[in-house]
Every structure is written in structure tokens, then in C-alpha cells.
Amino acid sequence: MTLEAYTNPEFTIVKKLIFLLAAFLGVIICDIIIYGGMLVAGDGKGFVKRSRRAEKFHRLVQLFYEMIISATSVMSFACAYVVLNHVYALVQAAGINGGEFAVFANIWGEWKDFVLLLLICLSCVFNTLLDKLIIPLNRLEKEDKASIRMLGMFYVILILMFLNVIGDESEYSPVMMYYLGLMVGRFVYFDASFKDFLEAIKNTFLRLPLLIIGLSLSGLLCFFGFKAGFLLERNYYIVGAFYTHLFLLVAVFVFRHSHILELIVREPKDVTQSTDEEL
């Protein structure tokens, strides 16, 4: 098995640019939805309120970006597990008894649960590298990132559940169980109080709209990719979903570093001006 077996040779540069453009468009629409939902939630009148509205919008957008980053990190190593498991099944079916594939099959057959645990740990490291160095999200507190990463795990679990329902030929149960265990551990840990538990539940519930927006975006983009032939069903749907999130990650990278949203939705520099409008 080679890497080419999980790619589409006909996915040319031009088609990749088209798919990337679709990812850009999807992220823009999601940002507009976030802004519109924020306007519905508050009146936004007055200088100070306009300032807070802009600040809140950029924070919500960064929460949305963090969820995409987290979901991509989780998806990358979930996808790696599925591909490795597929290679193992092919080696077993072929009855290979020697060579490097046989060594891989022996290691995977005995230690795949530990490999999965290692992949999960690597996904956390990858997530930190992305949102600290590559796509810095400076408006988010540590607690914000912790809760949204948990939402990112739930995001991927829902995708894997859907793949099981539509009959994808791979096995996602071990991955789902590990990530579900991590989610439960985030809600209930050894020194948590009942108040901490309720606070975690509340924060997750308040951010469910971001989850719905993110799942809708990735779902529609995956649908477009498979229908257009950019992504192939024979490579497993999870591989196509992972490619889709890579394109979304590139779109997020460009939006974050270009500061386009900051130019469109500006924050007033002097929030201490007269607030007669607020009265």
C-alpha cells in the first residue's frame, strides 16, 4: 500500500483551487451567519455597544476557527488510525508472512490500542502547535480553548457516527470510544465539584450553534467534493472528510493572517468617548 492509494490522481491543481475557493466561500458565509446571529441576540445600539459587538464578533469567530482547528487535529489522527487499520486488514488478507509489512502487522495486531492512544496525544500536540504558532488565536482564554476543543471532539464523534450509519466499510468504534472517554473526563474529573460540572455543561450548550454551523459547513463541502469527483468513495469517506478539513484549515489560516474581518468589522479605538448615545 502507498500514499497514492488514498489520493485522487485526477484532483488537479485547478480542481484544488476550485475546492479551496469553495472552502473560502463557506467560511465567509459562516462568519456572516455568526455576525447575523449576534445582531439578533442584541440591539447593538450606541458607541460602547458597537464596540462590544465588534469585540464579541471577533471572539466568536476565533472560537469557530478553534473548533475547525481542533476538529482537523482530531480528524487527522482518527484518519491515520483508520488507514493503518485498513493496511493491517489487507496484509492479513494477503497472508504476508515476511518483510516490513509482516513486522507492521505483528506490531499493529498486538499494540494498536496503544498506538491509538499515542495518536490521540499527538493530535493534542498538533492542535496546540496550530493555534499557538501557525494560527494564533489571541482573543481566547485557556478555558475557552479547553471547552471548544471538547466541542471539536464531539464534532468528530458525530461525523464518525454518521459514517457508521451510511455504511462506510471501516471500523470507527474504537476511535469514538476513546474520544468519548476524553469528553466524559473533561466533564467529570477527580476533583470536580458539581458547580464545575454544571459550568462545563453550560459552556458547551451555549456554543452548540458553532457546532451546528461547523458540521453544516463541512458536510456541504464534503458533499460537493464527492459529487464533483474531487474526493473518492473508494478511499473511505473519512479520508475525504480529512481532506475537506485541510482545505478549511487553509481558509482559516488566510483569513486569520490577512486580518480581513478586522478591516470589515472594526473595533472603535476610543471606547471612553462620551456615551450619551447609551442613555
Side-chain angles (χ1 to χ4, degrees), residues 3 6-8 11 15-31 33-34 61-84 119-120 122-135 137 145 148-164 166 168 170 172 175-176 178-179 182 207 210-233 235-257:
L3 182 63
Y6 295 95
T7 58
N8 181 6
F11 195 19
K15 292 180 179 179
K16 288 176 182 176
L17 289 175
I18 294 173
F19 199 48
L20 182 60
L21 182 62
F24 273 112
L25 182 61
V27 173
I28 290 173
I29 292 173
C30 289
D31 291 340
I33 292 173
I34 291 172
V61 166
Q62 288 200 8
L63 283 171
F64 178 66
Y65 290 170
E66 174 65 25
M67 189 179 68
I68 293 178
I69 291 171
S70 177
T72 305
S73 301
V74 174
M75 184 75 71
S76 63
F77 292 97
C79 182
Y81 175 83
V82 170
V83 170
L84 289 173
L119 289 174
I120 291 174
L122 289 175
S123 73
C124 296
V125 175
F126 184 47
N127 197 158
T128 301
L129 290 175
L130 283 173
D131 64 16
K132 285 284 188 181
L133 301 178
I134 301 176
I135 311 176
L137 303 173
K145 290 185 178 181
I148 208 70
R149 285 182 184 185
M150 181 179 62
L151 204 63
M153 289 183 188
F154 188 50
Y155 175 110
V156 174
I157 288 173
L158 289 177
I159 291 177
L160 296 179
M161 289 175 63
F162 176 75
L163 294 181
N164 268 336
I166 64 176
D168 196 357
S170 192
Y172 302 111
V175 183
M176 286 191 291
Y178 270 88
Y179 281 117
L182 288 176
R207 287 161 184 167
L210 294 178
L211 175 68
I212 295 171
I213 293 172
L215 286 173
S216 300
L217 171 61
S218 60
L220 289 173
L221 203 57
C222 281
F223 179 79
F224 169 68
F226 281 110
K227 281 295 182 181
F230 300 162
L231 311 174
L232 299 178
E233 295 181 17
N235 292 334
Y236 292 129
Y237 289 111
I238 192 172
V239 176
F242 171 59
Y243 286 155
T244 299
H245 282 82
L246 285 181
F247 280 87
L248 286 174
L249 200 61
V250 172
V252 167
F253 175 85
V254 172
F255 275 111
R256 181 69 190 95
H257 287 281

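Computed from a predicted structure; not experimentally measured.
Residue Lys145 holds its NZ atom at 4.0 Å from CG of Asp131, rounded to the nearest 0.5 Å. Taken to the nearest 0.5 Å, the CZ atom of Phe64 stands 5.5 Å off from the CD1 atom of Ile34. Atom CD1 of Ile238 sits about 6.5 Å away from atom CG of Leu163, to the nearest 0.5 Å. Taking CD1 of Ile29 as the reference point, atom CD1 of Ile213 lies at 11.5 Å (rounded to 0.5 Å). Tyr155 contributes atom OH, which lies 12.5 Å from atom CD1 of Ile212 (distance to the nearest 0.5 angstrom). From Ser218, atom OG reaches atom CG of Leu158 across 10.0 Å, with rounding to the nearest 0.5 Å.
A 4.5 Å side-chain heavy-atom check between Leu210 and Ile148 finds at least one atom pair inside the cut-off. In this structure, Val74 and Arg149 have side chains that are not in contact, with every pair of non-hydrogen atoms separated by 4.5 Å or more. Considering only heavy atoms from C-beta on, Tyr65 stays 4.5 Å or farther from Ile135 through its side chain. Using a 4.5 Å heavy-atom threshold, the side chains of Tyr243 and Phe11 count as separate. Proximity of Val83 to Val239: side-chain heavy atoms (C-beta onward) are separated by under 4.5 Å at one or more points. Phe162 is not listed as a side-chain neighbour of Tyr237, based on a closest heavy-atom distance of 4.5 Å or more. Annotation: side chain of Lys16 is not in contact with side chain of Val250 (no heavy-atom distance under 4.5 Å). Here the side chains of Leu215 and Leu211 are in contact, with some heavy-atom distance below 4.5 Å.
The two residues Leu231 and Cys222 come nearest to each other via the heavy atoms CD1-O, 4.2 Å. The shortest heavy-atom contact between Ile28 and Phe255 is CG1-CZ, 3.2 Å. The shortest non-hydrogen separation linking Phe126 to Ser76 is CD2-OG, 4.1 Å. Here the shortest heavy-atom pairing between Phe19 and Gly225 reads CE1-CA, 3.8 Å. When all heavy atoms of Gly240 and Phe226 are compared, the closest pair comes out as CA-CZ, 4.0 Å. For the residue pair Met67 and Leu151, the shortest heavy atom distance occurs at SD-CD2, 4.0 Å.
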>> Could you go through Ile68 and Thr72, starting from their C-alpha distance and side-chain angles, then the distance that decides it, and tell me whether this counts as side-chain contact (heavy atoms from CB on, under 4.5 Å)?
In response: CA-CA 6 Å; Ile68 293 178; Thr72 305; 4.1 Å; yes
>> side-chain contact (heavy atoms from CB on, under 4.5 Å), that's the test. Do Ile159 and His245 meet it? Break it down for me.
In response: CA-CA 12 Å; Ile159 291 177; His245 282 82; 4.1 Å; yes
> Does the side-chain contact (heavy atoms from CB on, under 4.5 Å) test come out yes or no for Leu130 and Leu249, once each step is laid out?
Replying inline: CA-CA 10 Å; Leu130 283 173; Leu249 200 61; 4.1 Å; yes
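With hydrogens and angles ignored, the 3.5 Å screen pairs no side-chain donor or acceptor of Ser70 with any backbone N or O of Glu66. Side chain of His257 to backbone of Ile134: a donor-acceptor contact under 3.5 angstrom is found.
Using a 30° and 60° split on the angle between ring planes, Phe230 and Phe224 fall in the perpendicular class, above 60°.
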